[in-house]
Amino acid sequence: AIFDKYSEIKQPEWDRQGIAAAVPEMNRGLPRFLDDVTRLDRIAFTAEEGVLLYDYALVHKDASPVDNGEIGDPKAVRAGLLQEYCSPPMKVFRERGIPVRHRFHRGDRPFGDYLLSPGDCPA
């Protein structure tokens with residue numbers, strides 16, 4: 001996986017150095033549309049906060065506005081994000097206590113903000 005090459009860095013330095021080193025690779029190919037209206041713009045990590053941040057824009061590929069009927073229910077969105085965070089590929093973050101924040105914008109305005117941490121996953 002993407003983080004395997006950083007596994008030789010020892011704790012706690014891995015949390016900061018390994019993720020910071022991997023972020024440019026994680027951003028390769030961004031921005032990219034995940035579906036008809038959700039574009040992943042960037043992934044960032046700030047060592048001070050210790051949070052991996054995903055920034056999304058809710059917009060059509062032709063840049064036209066997205067109406068409310070095209071956006072999923074916030075509870076369903078959070079459930080989908082949580083399922084992804086609790087999945088095996090994200091284990092590297094959970095094991096190190098790294099929360100992941102998903103921030104959505106529609107136009108210039110924030111639309112949704114979801115912070116997921118290891119305690120949110122079923123045991």
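Model, not experiment: these values are computed from the prediction.
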List the residues meeting side-chain contact (heavy atoms from CB on, under 4.5 Å) with [X], not counting sequence neighbours, and say none if there are none.
X   : answer
P31 : R39, D41
N27 : V23, L30, R42, I43
D67 : E70
D36 : none

**Message:** Let me check something: do L34 and L53 share a hydrophobic cluster, defined by ILVMFWY side-chain heavy atoms less than 4.5 Å apart, either directly or through other members?
**Reply:**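 As far as the 4.5 Å side-chain criterion goes, L53 and L34 are not connected within one cluster.
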**Same apolar cluster: V59 and V37, side chain cutoff 4.5 Å** =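 V59 and V37: separate clusters.
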**Item:** Minimum heavy-atom distance between L115 and P99, given as atom pair plus value
**Value:**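 What the structure gives for the nearest pair is CD1-CB, 3.9 Å.
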**Item:** Residue pair H60 / S64: nearest heavy atoms and the distance that separates them
**Value:**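 So the two residues come closest at ND1-OG, 2.9 Å.
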**Approximate separation, where rounding is to 0.5 Å, of F93 CZ and F45 CZ** =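 Interatomic distance, F93 CZ to F45 CZ, rounded to 0.5 Å: 8.5 Å.
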**Message:** What's the separation between atom CG in L58 and atom CG in D35, rounded to the nearest 0.5 Å?
**Reply:**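 Separation between the atoms: 8.5 Å.
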**Prompt:** Between Y54 and H102, is a ring-ring contact (aromatic ring centres under 6.0 Å, His included) present by the stated rule, with each step listed?
**Reply:** CA-CA 5 Å; Y54 287 73; H102 297 270; 5.0 Å; yes
Any non-hydrogen side-chain atom of [X] less than 4.5 Å from a side-chain atom of [Y]?
X    : Y   : value
F104 : V77 : yes
R94  : K91 : yes
L52  : M26 : yes

Donor-acceptor pairs under 3.5 Å, side chain of residues 80-90 to any protein atom, not counting sequence neighbours: which ones?
| from | atom 1 | to | atom 2 | distance (Å) |
| --- | --- | --- | --- | --- |
| Y85 | OH | I98 | O | 2.8 |
| S87 | OG | E84 | O | 2.5 |

Counting only pairs under 3.5 Å, give me each side-chain donor-acceptor contact of residues 105-113, with atom names and distances, residues two or more places apart or in other chains.
| from | atom 1 | to | atom 2 | distance (Å) |
| --- | --- | --- | --- | --- |
| R106 | NH1 | V66 | O | 3.4 |
| R106 | NH1 | N68 | OD1 | 2.6 |
| R106 | NH2 | N68 | OD1 | 3.2 |
| D113 | OD1 | R101 | NE | 2.9 |
| D113 | OD2 | R101 | NE | 3.2 |
| D113 | OD2 | R101 | NH2 | 2.5 |

